[in-house]
2 protein chains.
Amino acid sequence: MMVRARASQAGYPSRNLHGQIVHAIGRQILRGDLRPGEPVPVQRDLPASRTALREAIKVLAAKGLVETRPKTGTRVRTREAWNLLDPDVLAWRQAGAPPRPFLRSLTEVRNIIEPAAAALAAKRARAADIAAIERAYRDMEAAMPTEAVADVTPFVEADTRFHAAILQAGGNDILEQMSRVVYAALRVSLEATSRIPGSARASLPRHRAVLDAIRARKPRRAAEAMQRLVHRIARKVDVIPRRVGRGNLRHVETKDTKSKRRNDSTVKPRPTSS
Amino acid sequence: MMVRARASQAGYPSRNLHGQIVHAIGRQILRGDLRPGEPVPVQRDLPASRTALREAIKVLAAKGLVETRPKTGTRVRTREAWNLLDPDVLAWRQAGAPPRPFLRSLTEVRNIIEPAAAALAAKRARAADIAAIERAYRDMEAAMPTEAVADVTPFVEADTRFHAAILQAGGNDILEQMSRVVYAALRVSLEATSRIPGSARASLPRHRAVLDAIRARKPRRAAEAMQRLVHRIARKVDVIPRRVGRGNLRHVETKDTKSKRRNDSTVKPRPTSS
DNA sequence: CGTCAGAAAATAGTATTATCATATGATACG
DNA sequence: CGTATCATATGATAATACTATTTTCTGACG
């Protein structure tokens, strides 16, 4: 019944030459290889024409990453100017660098906006909105990963859709956009948490509670239910094996995560009270 | 004391030719002149070279507004794909179209994230952060508009800085970025609310309460104080004079108003509880 | 005779090269 | 010490060839 919408084309297309350059330089900047002060390898290295470079630079400038001026050349802007909420920038950011503090930021944001969004949804959802939420919930039930079925992807997909539907039901498109961004980045970690045995099954009732509250049009109850759900996830984030990548997923920190404050790459120490 | 930072260059520079094209087309899209379905006036009208157009299109594509494909041409993407949190997109959005529902969305978001951010600030602010907040507060006191001094700009500037400093003190850069965006768009309306006689003076004690709570490191108190402050603003938003600009919004079409439907930017009616 | 597959054509963006203009930082000269 | 000049990197335009994708045409097969 739906058009499927060609997967909605998340980021900037890397199919073109200049698109590839965009992603290459973008990653370099976000990874820190190109420092906010000075250069951009605007020629030499790349085996491309000046125009291709130019277009790539324009795209990066549109995302606030670089700034071009005559004579001075193209320089990386200071971090404050970066458009951190841009889908591409977000993707580049989590592609490089230790993801831990970044993940913490994201979950923190979720903790803030999701309960409020659930309350809004309970107040304002239309029939179609509620139907969408319910559909996502049923898909979660159906896609529940078991010992036999290890593939968590469809479950994560439904999970994401569940939250997205709630955000959408709130009828505030700024908020919706924010969470869309957050979710795009969080998807990876969701897969991680869902992979933890029993985690998916345990989260279902909590999702159910949120759905019921919204359906019953009880804003406060919806917010509280969502808060429980999302707090639970927040706790899980600290348990995610770090870097599932090439073969060193050590399950460290079995003792107590609470005292292990190792703020991976934060610049200055901050009195984090947890 | 500070570097002043060259006004930080908010949006995409319009000084260049292609920059002007970017802003022109961007406004057209956000205003609704160019519908999400089809065309982009990729040639004809504009008295510019192909390359300039191309670069402008690339910038717009980077913000998710358009999509280019061979044969099909350059088309405006569906609203879901737009990067609504992009500073430029936000600016274009509020430049055209009735700002009312948009403003409501923004205030709603503020109501959600600011109290939480204040709590975070109370937990994690470093000495320098608190100093920045305090400085902004004192500047607000100093710039207080009176009957004699009608210029509210410096007050608004300090006000904005106050909130920005709190967000920054939270130590969550995603959150900080969100509010930076929100504030850029809200600045205009802040000027409006501040212009209401006595409003600025009345808001001072509430700001003070927030500052004190953060300084005392009382997260809950900070959140509550901020909530009171920001709720107050929310009420004011409904009082802002609507569109002081060039007065050509006539209600001429009295004949077929019901078919005109106009529905500002929302697609379907929603049970807004107002 | 109709339907489907594959080839060819048409089209719009993509890429390269070349040339000139303009702004700005640095340097040298008065 | 101020100003003029020069060098340089981006900005702008134009000409040209390539590439990918949609559409259409054609032909074969059922």
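Residue numbering restarts at 1 for every chain, and letters A, B, ... go by the order of the sequence lines.
Going from atom CG of A:Leu60 over to atom P of D:dT10 covers 13 Å, rounded to whole Å. Whole-Å rounding puts the A:Ile21 CD1 to C:dT16 C1' distance at 12 Å. Going from atom CG of B:Leu53 over to atom C1' of D:dT13 covers 12 Å, rounded to whole Å. In this structure, the CG atom of B:Leu17 is 18 Å from the P atom of D:dT10, given to the nearest Å. Across the protein-nucleic acid pair, B:Ile57 atom CD1 and C:dA15 atom P stand 15 Å apart, rounded to whole Å.
By the side-chain contact (heavy atoms from CB on, under 4.5 Å) test, B:Ala164 is found to be paired with no residue, residues two or more places apart in sequence or in another chain being considered. Qualifying side-chain contact (heavy atoms from CB on, under 4.5 Å) partners for A:Glu141, counting only residues two or more places apart in sequence or in other chains: A:Tyr137, A:Arg138, A:Leu204. With sequence neighbours excluded, the residues forming a side-chain contact (heavy atoms from CB on, under 4.5 Å) with A:Thr160 are A:Val156, A:Tyr183, A:Arg187, A:Leu190, listed by chain and number. Residues passing the ring-ring contact (aromatic ring centres under 6.0 Å, His included) test with A:Phe162, sequence neighbours excluded: A:His207.
Taking 4.0 angstrom as the limit, B:Lys58 places a side-chain polar atom (N or O) nearer than this to OP1 or OP2 of C:dT14. The shortest distance between the side-chain N/O atoms of A:Arg54 and the OP1/OP2 oxygens of D:dT10 is not below 4.0 Å. Phosphate contact (OP1/OP2 of C:dA15, side-chain N/O of A:His18, threshold under 4.0 Å): present.
At a threshold of 4.0 Å, the pair B:Arg93-A:Asp173 counts as salt-bridged, since one of the basic side-chain nitrogens sits closer than that to a carboxylate oxygen.
Side-chain contact between A:Met178 and B:Val109 is present, with heavy atoms from C-beta onward closer than 4.5 Å. In this structure the side chain of B:Asp139 never reaches within 4.5 angstrom of the side chain of B:Glu157, judged on heavy atoms.
Between its opening and closing five pairs, the helix from C:dC1-D:dG30 to C:dG30-D:dC1 changes axis direction by 10°, a value rounded to 10 degrees.
Nearest nucleotide to the side chain of B:Asn16, out of D:dA12, C:dT17, D:dT13: D:dA12.
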Could I get a table of every N or O pair under 3.5 Å where one atom is in the protein and the other is in nucleotides 15-21 of chain D?
none

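Considering every non-hydrogen atom in both B:Leu85 and A:Asn83, the closest pair reads O-OD1, 4.4 Å.
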Test log, rule salt bridge (Lys or Arg N to Asp or Glu O under 4.0 Å), inputs B:Glu108 and B:Arg104: CA-CA 6 Å; B:Glu108 215 161 65; B:Arg104 227 186 281 273; over 6 Å; no

